[in-house]
2 protein chains.
Amino acid sequence: MTRTLAPDLKDCNDCPIRHRAVCARCETDELRKLEEIKNYRSFSAGQTIMWAGDRMDFVASVVSGVATLTQTMEDGRRQMVGLLLPSDFVGRPQRETASYTVTAASDVVMCCFRRKPFEQLIASTPHIAHRLLEMTLDELDAAREWMLVLGRKTAREKIASLLAIIARRIAELDEAADTGAISFDLMLTREAMSDYLGLTLETVSRQMSALKKDGIIVLDGKRHIIVPDMSRLLEEAGDDSDGGLPV
Amino acid sequence: MTRTLAPDLKDCNDCPIRHRAVCARCETDELRKLEEIKNYRSFSAGQTIMWAGDRMDFVASVVSGVATLTQTMEDGRRQMVGLLLPSDFVGRPQRETASYTVTAASDVVMCCFRRKPFEQLIASTPHIAHRLLEMTLDELDAAREWMLVLGRKTAREKIASLLAIIARRIAELDEAADTGAISFDLMLTREAMSDYLGLTLETVSRQMSALKKDGIIVLDGKRHIIVPDMSRLLEEAGDDSDGGLPV
DNA sequence: TCCTGTTTTTGATCTGTGTCAAGGCGAACT
DNA sequence: AGTTCGCCTTGACACAGATCAAAAACAGGA
C-alpha cells in the first residue's frame, strides 16, 4: 500500500532508471549496460507518445512531467487507466504492442530503454526483476484503489480523491511533507480529470467550484491548487484513516 | 492482453501451484520444496477467508470455486476489486497484512503456501519470479480493463462485460471453446455482481431481465446461464473487436 | 492592442440509476 | 404440507450527474 521508494533515492542521480525504479542496488556493470541501451526523449504537452496497438520497442521511466495512459471505446468514450508521474515506469516486458495510448499531459521527459536488451537485463539480474515485480504490485494496488473510486464514490469524493493522490505524490517528491498546507500545479486539463474520474468535464468544473467555495481548496489561477488542510481534503475523499490512495 | 497459460498445463497435476501459476518449468527439487510448504484448505460459500488488515501468513492459488477480493468504505459502500477463479493467485509477497477482504463466493479449495519460505523460493528461483511478474502484469491489465467498465460503461454494458469475462474464463478452463453457444454456472449472487460492477443489486436484476428478454442470454434457474451467441454478448458489452477483457 | 482559438465556468433541462417498498420463488427444516 | 429464510424480481419515485447551450476567462500571435 505504501509507495516503496528506493532507499537511497537522493544519491542515485547516475542511475538512468530514476527514483522508484531499479537503481537502488545497481552495480557498475549493470549501470554500464543500462547506459548502453538508454536514451532520453522529450515530448510536448498534448503530444501522443504512443497509440494503443503500436509496436512497442521501448520501455521507459518518467523523468519529469506528467503522462497519461488511456483506453478508448469505438464511440469515443475514454477512460484514463494510469497517471504517470516522475519515477513511474511505462511499458510491459515481453509484450510486442502497446495496450494503452500514452499521452503527454504536460511537457514530458522520459528515459527510454530498448526493450529487447532490457528484457535480457531483467532475465540476468534478479534484483531488477524483483524491483519490477514490486513496482507492478504497487501499480496493481493503485488500480484497485481506483476501482473503488470509480465504482462507488460520488463526484465530489472523486475530485477530492484525485487531488489527494496528486498532492501526496507531489509532497513525496518535494520531501516538503507534513507542513500542513500543500500547494501544487495540477498538470491536467478539466477534460483529463474527467477522463480519469469517469465524469464529464462540466461536472468536474462544478465540483471544483464547490470545493473552492467550501474552502477545501484554494485556486490560484486555473491550475495551481493550494490545500490549506490536507485532513479535510481526505475527509471529503471519503478515505478511511489517512492511509491514502497510491497512484 | 492474452492470458498466458503454462504451455503444458495438462501434464502438470503434480505441481501444487496449478494451471497459470509457476509450475510449467518446475524441477524436482523445486517441486519438493513447494510440497513442504503447501497445504490445501477448503472454505464454504459465503465464508470470509481473510479480512483486510489481517496478518497474512500464506499466499495461495485457487484450485476450485470462486473467491472475491473486496474493499469497503466506513459507511459500508463496497467494491469488488478482484474475482478469483481457479488458477488465480492471491496474496502479495513481501507484505505482512492483507490489503483486501477475501471471501468465498462458492465452496472454494485453495492451495496455500507459507509466505516466508515461498518468498525465499522466489528469491532463489528466477523462473518462478518471472512467472509471478507475468501473472501480476496480467492482473494489472485486467484491473485496467475493469476501470473502463466501471468508469464509462452503462449498466447494461457492465452486465454484458461481466458475463463475457466469466464465459471466456469458463470456456478456457473447459477447453470446450468455440462451439458457439456457451453455458455456465454463474457463481455470484446478484449482490456480488453489483459489488463488482458498481451498481445496486436492483439494477443488476433489471438488466439481467432485459438481456434475457432480448434473447442475449437464456436463464435456466437463477444462476445457470446460456449464451446462445457470444458475439452478440460482446456487442452488448461494447467491446471493440472480440479481443475481450482479461480477468 | 485586438483577434482567435482553447479551456473553463455557469445555467437549464433531461435521464439513467439509486432508493424505498412490496411481493415472488425455491430450498431447507419442522 | 406449511413455515421460514435467503435470494431475486418488479414497481414508483427521486436525484446525481449527463447533456445541451452559451458566455466568460485566458493564452498566444499578428
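Spacing between atom CG of B:D195 and atom P of C:dG18 amounts to 12 Å, rounded to whole angstrom units. Put simply, CD1 on B:I159 is 16 Å from P on C:dG16, counting in whole angstrom units. If you measure from atom NZ of B:K158 to atom P of C:dT17, you get 8 Å, rounded to the nearest angstrom. Between B:L150 atom CG and C:dT17 atom C1' there is a gap of 15 Å when expressed in whole angstrom units. Taking atom CD of residue B:E157 and atom P of nucleotide C:dG16, one finds them 12 Å apart after rounding to whole Å. As a whole-Å value, the separation of B:K153 NZ from D:dA18 P is 18 Å. Atom CG in A:L197 sits about 10 Å away from atom P in D:dA18, given to the nearest Å. For A:Q207 and C:dG11, the CD to P distance is 14 Å, given to the nearest whole Å.
Between the side chain of A:D54 and the backbone N or O of A:W51, at least one donor-acceptor pair lies under 3.5 Å. For B:T136 (side chain) and A:T136 (main-chain N/O), no donor-acceptor pair under 3.5 Å exists by modelled atom type.
For the pair A:R144 and A:E139, the salt-bridge criterion is not met [side-chain N within less than 4.0 Å of a carboxylate O]. Looking at B:K158 and B:E236, no side-chain N of the basic residue comes within less than 4.0 Å of a carboxylate O on the acidic one, giving no salt bridge.
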What pairs of nitrogen or oxygen atoms, one from the protein and one from nucleotides 6-10 of chain C, lie under 3.5 Å apart?
residue: C:dT8; atom: OP1; partner: A:R223; partner atom: NE; Å: 2.9
residue: C:dT8; atom: OP1; partner: A:R223; partner atom: NH2; Å: 3.4
residue: C:dT8; atom: OP2; partner: A:R190; partner atom: N; Å: 2.9
residue: C:dT9; atom: OP1; partner: A:R190; partner atom: NH2; Å: 3.3
residue: C:dT9; atom: OP2; partner: A:R190; partner atom: NE; Å: 2.7
residue: C:dT9; atom: OP2; partner: A:S205; partner atom: OG; Å: 2.8
residue: C:dT9; atom: O5'; partner: A:S205; partner atom: OG; Å: 3.2
residue: C:dT10; atom: OP2; partner: A:S209; partner atom: OG; Å: 2.9

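In this structure, B:R223 forms no cation-pi arrangement with B:F184, as its terminal cationic atom is not both closer than 6.0 Å to the ring centre and no more than 45° off the ring axis.
At a cut-off of 3.5 Å, with distance as the only test, a side-chain donor of B:S99 or B:R95 sits close to an acceptor on the other residue.
Within the nucleic acid shown, A:G198 comes within 4.0 Å of sugar-phosphate atoms alone, with no base atom in reach, counting heavy atoms only.
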